[in-house]
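Worksheet for the structure shown next.
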Amino acid sequence: MNLTYCIIAAIKIGLGTWFLALIFIMLYYLFFTKQQRPSPSNNAQSIPDHRAVASFGVLQDRSLQNRLIARAIPNGRLLDAFGIDNPFTTTSVITYRRFIQKVGPGLHGTKPKKWLKFFNAASTTLNLILLQHRSVRYSLPLAALVRQLVFVSILHAFFGVDPNNVNLHDVDIATELINLLWVQSKTTPQSYPLGGRVVLEVALRQILPDKFPCSAKDHPLNIIIPAYETMWRVVLLTFISAGFRNVDQETADQFRKVIERGPECFKGSKSKDIRTMAVNFAKEGLRLYPPTKRVYRAVLTGPRSPPFITYDEKIADIEKCHRDPNIWTNPEQFRPSRFLPEEFTDNMKEAYLPFSLAPHRCPAADTFAPHAIIILVVVLARGLGTLESGSNVWFRNARLDEDRSALLPSGRLDMEDWKLEMKDVA
Ligand code: HEM
């Protein structure tokens, strides 16, 4: 389908006036060019190609303004789905800088007290969630449970929310709707049931009454989406990979130590070895199951103003880089020790991109995200148990249930049937 075809079609079907033909062409540009996406991964791309896309090297002019445009266009669906106005969706340099200045500093704190507080808040949250499920401990809905845990923990970290004051029913609604709206934004763009957004807004107002009313720039979803949405699946998949799947003896022994010593391992230089081990579990979870599987950049090829924008969409396939057998030994195996300095080669370093690359590398990459992931995994392992302690996970999928080495699916709706059977947890 091309422009000429559109014009001929418009005239042939007898719309009659140039005015209608023009509207037809505008609609074509507005909807067709926006929805058209190249296939998810280009097999010919090498690691440097993926890095060039992630680091905006594919742009001729890499000014901040142009980088924001190149990112905001493919992320337009997030704006449509959630109305968020943050670094992922904005083309305004001022809005971008304001957000980074507001959120950035809180993401670098390494004080042990902070992590102990985070651990306590997450443990309290899990206990409250388990109280709700006390009658079905043989079949806990893992995905919904982990979503609630991560959501409340993130609200605690970023908005000072006390888990004891949160209505978990509202959290359940909010987390389920965020998931559904996200999936819909990918599969059926431009057709969001407005009802979903409204109910999400109502739930958020109940959970965070102090944050409303607010302008689009100060909406809590601007933080919740990048912080919570990236975290819940990697926390769930790391917990299952380390606690319930086939791992080698070394990894099993390490995980036992991490469960015993986390979060105290963030305390001081004495716990450095355990801390490194713990963080390697988070790194390996992020490698095997990167929450951001792909990053997209729009390279403008024609007019710059809507609705006439035309662009080529470039893709950095992070998941593919992380599972490349030319780079990683047994890439489908969960083995945190591969991140030890003596094993982690320059090629691996180049191919490891869970947080993308400068100049827009995630500000949570170095401290907040890996610490929070492993603490939440430890809270889950202590609260729900592991295979070793007698608990089990059922996937309602013969292949996954029978073969404990099989790679887990990691899409947003792939985990809804996974159930945890709890046994012998103190
Ligand atoms: C496992 C957790 C996380 C992952 C995997 C992740 C991943 C990413 C990725 C891939 C990017 C780059 C996007 C691009 O290049 O277009 C990014 C940027 C960003 N992330 Fe994260 N993120 C995580 C956690 C967080 C958290 C907790 C926050 C806190 C609010 C956050 C805030 C941001 C912001 C503000 C940016 C934009 C940075 C910039 O443009 O300069 N992320 N993240």
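Nothing fancy with the numbering, it's 1 onward along the sequence. All ligand and atom numbering here is 1-based and tracks the order in the structure.
For ligand 1, the atoms lying closer than 4.0 Å to a non-hydrogen atom of Met231 are 1 (C), 2 (C). The ligand atoms of ligand 1 that sit less than 4.0 angstrom from a heavy atom of Phe368 are 27 (C). Distances below 4.0 Å separate heavy atoms of Val103 from the following atoms of ligand 1: 30 (C).
Here the protein heavy atom with the shortest distance to atom 19 (C) of ligand 1 is Phe88 CZ, 3.2 Å. Taking atom 40 (O) of ligand 1 as the reference point, the nearest protein heavy-atom neighbour is Arg71 NH2, 2.6 Å.
The residue among His360, Glu229, Arg297 with a heavy atom at the shortest distance from atom 16 (O) of ligand 1 is Arg297. For the residues Pro354, Pro291, Ser356, the heavy atom positioned nearest atom 7 (C) of ligand 1 is part of Pro354.
Less than 2.8 Å away from atom 21 (Fe) of ligand 1, the protein contributes these N/O/S atoms: Cys362 SG.
Closest approach of Asp218 to Lys102, counting heavy atoms only: OD1-NZ, 3.9 Å.
Ring-plane geometry between Phe212 and His219 is classed as perpendicular, the angle between the planes exceeding 60 degrees on a 0 to 90 degree scale with a lower cut at 30. Taking the six-membered ring for Trp and thresholds of 30 and 60 degrees, His371 and Trp115 have ring planes inclined between 30 and 60 degrees apart.
For the residue pair Thr276 / Asp273, no side-chain donor-acceptor distance below 3.5 Å is found, with atom types taken as modelled. Side-chain contact, Asp253 with Gln249: a donor N or O sits under 3.5 Å from an acceptor N or O. No side-chain donor from either of Thr301 and Asp312 sits under 3.5 Å from a side-chain acceptor of the other. Side-chain contact check for Asn120 and Ser123: no donor-acceptor pair (N or O, by modelled atom type) lies under 3.5 Å.
Tyr289 does not carry Arg233 over the face of its six-membered ring by the limits of under 6.0 Å from the centre and within 45° of the normal.
Within the structure, the closest approach of Phe99 to ligand 1 falls below 4.0 Å when heavy atoms are considered. Residue-ligand proximity: Tyr96 is placed with a non-hydrogen atom under 4.0 Å from ligand 1.
Side-chain contact between Ser356 and Thr292 is absent, with no heavy-atom pair separated by less than 4.5 Å.
Note on Glu201 versus Arg197: no salt bridge recorded, every NZ/NE/NH1/NH2 to OD/OE distance being 4.0 Å or above.
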